[in-house]
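Each chain gets a letter, A, B and so on, in the order the sequences are listed, and its residues count up from 1.
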Amino acid sequence: MRVVVRAFARFREMAGEEATLELPEGSTLADLLEEVVSSHPGLKKALSGPDGPIGGRAMVLLNRRGADPSDVLEEGDEVAILPPFSGG
Amino acid sequence: MRVVVRAFARFREMAGEEATLELPEGSTLADLLEEVVSSHPGLKKALSGPDGPIGGRAMVLLNRRGADPSDVLEEGDEVAILPPFSGG
Amino acid sequence: MAIEITDREFSIEDLVAGAKRPDAGAVVAFLGTVRDDGISGVEVEAYREVAEEELARIRDEAMATFDLKSVDVVHRVGSLGVGEAIVLIVATAPHRQAAFRGCEFVLEEIKRRAPIWKKEIRSDGGERWI
Amino acid sequence: MAIEITDREFSIEDLVAGAKRPDAGAVVAFLGTVRDDGISGVEVEAYREVAEEELARIRDEAMATFDLKSVDVVHRVGSLGVGEAIVLIVATAPHRQAAFRGCEFVLEEIKRRAPIWKKEIRSDGGERWI
């Protein structure tokens, strides 16, 4: 299945604005993030928390909503990785 | 000597916008206010406090500054009587 | 920095543009308008000379108390219909908290200390000083 | 009530005029501008679809929490020079305290929750995400 990964701000500059990843059926959000980090090691520190691939200072959204590392992905999902906000 | 009395808002509607009063030399602000109140009894309640002719809800200014009932007036002084403010 | 009591309409855009400072990223504006409480409008009266002095003192106190870069106040006098502007206060500061606090301080002090009065004109023609 | 993320300039006057309500006498506007911290400007980026949803949620929360009659938010994206507007928030209420509190709430929540980012462009050409 194919999943779209979007990155913003400093993450966009590190990983590109958008990429389509081909993943095996049943892959979880954690699997996807591990693949992203292995391609872009610079993201590891920001994305990883003490317990795994989510929990760092970054926010990860799945289809524009909050998500859990164990969430199982589906064809066409959109995953977004967001550094801490600084708007306003 | 002549002293100008100005009144604003509801006091203006009761006593007129401006009047020039002729007073004996040595007259105090209290003397002037007693004269104003005797001509316009409707002002008595607003102007008078428990201790005399100033101290009610109204503010009295002498030459645009705070004043005391015992202040001695001089030729050309401007006394203003102001109801509680409601601007802004 | 303008302190003005006026019987004319004013431009919010112009006042905000004039209040911008390169070292101040936060602008807070308060606009008070005539609220429709079953009235057709208000009449605003001021002891103009004293009110202008007092507004300038309030501005100076706000500048000294908060970290503000500018304060502008325009207060209308005369007959105003429902929805029309009565007062505009614009405060600029490097930081948003100072701009909010400074703007609100100026408004509260104007209400407390500036010799300005409003009379409501009811739709049935009745009048009431407020 | 407008919620807008835009790469175009906007008119404060039009937004404030559109925010006026006959039953609301208090309008508080916050304007955030690019402050000169030795920079030539900022670039603003947003996850637009999510940011617009979040801004609308913040507006709805503000309306439910404070006694507000309207909330408008316009946030710029793209390249902005020193002094240019980044964000405008306009809150109207029957009473001034609600307008101040509501406007400030919306600003704080935008900073905390809206996926928007700023990059400072220094005068020497250096860049820094903030």
Heavy-atom contact with chain C under 4.5 Å, split by part of [X]:
X       : result
D/Val16 : side chain
D/Ile86 : neither
D/Thr92 : neither
D/Ala26 : both

D/Ser11 versus C/Glu13, closest heavy-atom pair with distance: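 Distance-wise, the nearest heavy atoms are OG-OE1, 3.2 Å.
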Over all atoms of both residues, closest heavy-atom pair of D/Arg96 and C/Leu107: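 Heavy atoms only, the tightest pair is CD-CD2, 3.3 Å.
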Interatomic distance, D/Gln97 atom CD to C/Glu108 atom CD [nearest 0.5 angstrom]: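 Spacing of CD (D/Gln97) from CD (C/Glu108) equals 6.0 Å.
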From NZ (D/Lys20) to CD (C/Glu84), nearest 0.5 Å: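 The NZ atom of D/Lys20 sits 7.5 Å away from the CD atom of C/Glu84.
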Neighbours of chain D found in residues 60-69 of chain C - heavy atoms under 4.5 Å: none
Please rank [options] by heavy-atom pairs under 4.5 Å with chain D and give me the top one.
options                    : answer
C/Ala17, C/Ala99, C/Cys103 : C/Cys103
C/Ala85, C/Pro94, C/Gly83  : C/Pro94
C/Leu88, C/Asp36, C/Asp14  : C/Asp36

Plane angle bin for D/Phe100 and C/Phe100 - parallel if under 30°, tilted between 30 and 60°, otherwise perpendicular: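 Rings of C/Phe100 and D/Phe100: perpendicular, over 60°.
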Choice from D/Val82, D/Val28, D/Ile89 maximising heavy atom contacts with chain C below 4.5 Å: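 Answer, by heavy-atom pair count under 4.5 Å with chain C: D/Val28.
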